[in-house]
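Step one of this worksheet: look at the structure below.
The structure displayed is predicted, hence computed values, not measured ones. The first residue in the sequence is number 1, and the count goes up from there.
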Amino acid sequence: RQRLMSGQLLLFICHLLLNVLRVSSISLMLCGITPLNTRIVGGEDAPPGSWPWQVSLQRFGSHICGGSLINRNWVMTAAHCFFSTSGWRVSLGRQNLQGTNPNEVSTTVARIIIHPNYNRETNDNDIALLRLSSPVEFTDFIRPVCLAASGSVFNNGTDSWVTGWGTVQEGEPLPFPATLQEVEVPVLGNRQCNCLNGVGTVTDNMICAGLLAGGKDSCQGDSGGPMVSKQGPVWVQSGIVSFGFGCARPNLPGVYSRVSSYQSWIDSLIDSDKPGFVRFTSNGMDADSSFTCLGLPPPVITSRREVSLLCAVLCCAVLCCYVDLSQDDMI
């Protein structure tokens, strides 16, 4: 009886919060919450239920790509996964690619929508949405992830996690039972990432992550899967595994589709039960804003703070030159 009363009280509080906040989407209320998570290449086994939005996209029984559940009816993944639009199934709540999965739910795909501006040659706009044949029920092992809203900021060094069933090294598949892997990597700013991967390779629709020393990265089979960062109590998806030059190589960070660039496109396709968009913020100045290399355009100044910082840097440079010239005159 006490449990019943507690449950009723919880429902009342939820109902009250819904009315106060006027939240119309259950996905917004539940997104990014991992009841079983209290806390790839170079990664480790993820405990069951740690990443409940992770899905496996399978074709004729074989894992092809990862993806993330964004509400009861939709999955988000990478456009480059789809060499064909038939024969696909989505596996949710899955822990291992082989053996038993007591928490797994599998469903077919009713519709595949690839971004209209996806460019297979440049990998720009590498994002796709999958409409499931039937809505899924949320459990501790199956829940939606929050999505980075337009205007989100992920500064250089932002702590992130990437998950998937990809190869553990280039050409080396996961050993039996092929347990979901997790790896922690920092965001690497777009300017530095462009310099490392080749100027012009990384667009504003992309976000990078990885260690300059290498050793930790997503790899083949992780494509389409999520990169997430925690803000407060919720996990926010910043990126979709897209491409890279090799896996976990030094000075070659992985490149991901930047989720925050696609809020309007996603909203235009999903009429009801909107995904939970959260504006992710980073404190302080981004060290990447001043990074430069040969061929990279100068940084775009977007705020008064950046203008002030640039003025301070220029003043220091002028002062240093003046001091040097004064010393030369004295000599």
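- Defined by atom type and a distance below 3.5 Å, a donor-acceptor pair is present between the side-chain atoms of Ser229 and Ser160.
- The heavy-atom pair separating Phe277 from Ala148 by the smallest distance is CD2-O, 3.8 Å.
- No side-chain donor-acceptor contact under 3.5 Å links Ser150 to the backbone of Ser261.
- Defined by atom type and a distance below 3.5 Å, a donor-acceptor pair is missing between the side-chain atoms of Asn123 and Ser242.
- In the hydrophobic clustering of ILVMFWY residues, with side-chain heavy atoms under 4.5 Å counting as a link, Ile64 and Phe60 come out apart.
- A donor-acceptor distance shorter than 3.5 angstrom exists from the side chain of Arg59 to the backbone of Ser86, with no hydrogens or angles considered.
- In the model, Tyr262 has a side-chain atom that pairs as donor or acceptor with a side-chain atom of Asn125 under 3.5 Å.
- Within the 4.5 Å cutoff, the side chain of Asn197 has heavy atoms near those of the Val255 side chain.
- Electrostatic pairing of Asp140 and Arg143 counts as a salt bridge here, judged by a charged N lying under 4.0 Å from a carboxylate O.
- Shortest non-hydrogen contact noted between Cys31 and Val234 is O-CG1, 3.8 Å.
- In terms of modelled atom types and a separation under 3.5 Å, the side chain of Gln98 and the main chain of Asn96 share no donor-acceptor contact.
- The heavy-atom pair separating Leu130 from Leu57 by the smallest distance is CD2-CD2, 3.8 Å.
- Under the 4.5 Å side-chain heavy-atom criterion for ILVMFWY residues, a single connected hydrophobic cluster contains both Tyr118 and Val109.
- Here the closest heavy-atom approach between residue Ile33 and residue Pro233 is recorded as CD1-O, 3.8 Å.
- A side-chain donor-acceptor contact under 3.5 Å links Ser282 to the backbone of Asn155.
- Counted by atom type alone, Ser106 and Arg89 present one or more donor-acceptor pairs between their side chains at under 3.5 Å.
- In summary, the side chains of Trp51 and Glu182 do present a donor paired with an acceptor at a separation below 3.5 Å, with no hydrogens or angles considered.
- Residues Leu97 and Ser56 have side chains in contact (heavy-atom distance under 4.5 Å, counting atoms from C-beta outward).
- Using a 30° and 60° split on the angle between ring planes, Trp265 and His115 fall in the tilted class, from 30° to 60°.
- Only one option out of Ile240, Val145, Thr163 pairs with Pro226 in a side-chain contact (heavy atoms from CB on, under 4.5 Å); it is Thr163.
- If you take CE on Met76 and CH2 on Trp53, they are separated by 11.5 Å, rounding to the nearest 0.5 Å.
- With rounding to the nearest 0.5 angstrom, the CG atom of Asp124 is 5.0 Å from the OG1 atom of Thr122.
- In plain terms, the two heavy atoms of Ser50 and Pro47 that are nearest each other are OG-O, 2.8 Å.
- Screening Thr107, Asn103, Thr139 against Leu92 for a side-chain contact (heavy atoms from CB on, under 4.5 Å) leaves a single residue, Thr107.
- Without hydrogens or angle criteria, Arg191 side chain to Phe291 main chain gives a donor-acceptor distance under 3.5 Å.
- In this structure, Leu188 is not a member of the same hydrophobic cluster as Val202, with clusters built from ILVMFWY side-chain heavy atoms closer than 4.5 Å.
- Side chain of Arg131 to main chain of Arg111: no donor-acceptor pair is present (N/O by atom type, distance under 3.5 Å, no hydrogens or angles).
- The line from CD1 of Ile113 to OG1 of Thr85 is 12.5 Å long, rounded to the nearest 0.5 Å.
- The distance from the CZ atom of Phe138 to the CG atom of Asn71 is 6.5 Å, given to the nearest 0.5 Å.
- A donor-acceptor pair is defined here as one N or O able to donate and one able to accept, closer than 3.5 Å; such a pair exists between the side chain of Asp222 and the backbone of Trp165.
- Atoms CH2 and NZ, on Trp235 and Lys230 in that order, are 5.5 Å from each other to the nearest 0.5 Å.
- With a 6.0 Å radius and a threshold of 12 heavy atoms from other residues, nucleotides or ligands, Arg279 has its CZ atom at or below the threshold.
- Under a hydrophobic clustering in which Ile, Leu, Val, Met, Phe, Trp and Tyr are joined whenever their side-chain heavy atoms come within less than 4.5 Å, directly or via other members, Val55 and Phe82 fall into the same cluster.
- Distance check, rounded to the nearest 0.5 Å: CG of Asn156 to CG of Asp288 gives 5.5 Å.
- The nearest pair of heavy atoms linking Gly225 to Gln237 is O-NE2, 4.3 Å.
- With Thr34 contributing its side chain and Leu36 its backbone, the two residues share no donor-acceptor pair below 3.5 Å.
- In this structure the side chain of Ser238 never reaches within 4.5 angstrom of the side chain of Val228, judged on heavy atoms.
- With hydrophobic clusters built from ILVMFWY side chains whose heavy atoms lie under 4.5 angstrom apart, Trp74 shares a cluster with Leu147.
- No hydrogens or angles considered: a donor-acceptor pair under 3.5 Å links the side chains of Thr108 and Ser133.
- Judged by distance alone, the side chain of Gln231 and the main-chain N or O of Thr281 form a donor-acceptor pair under 3.5 Å.
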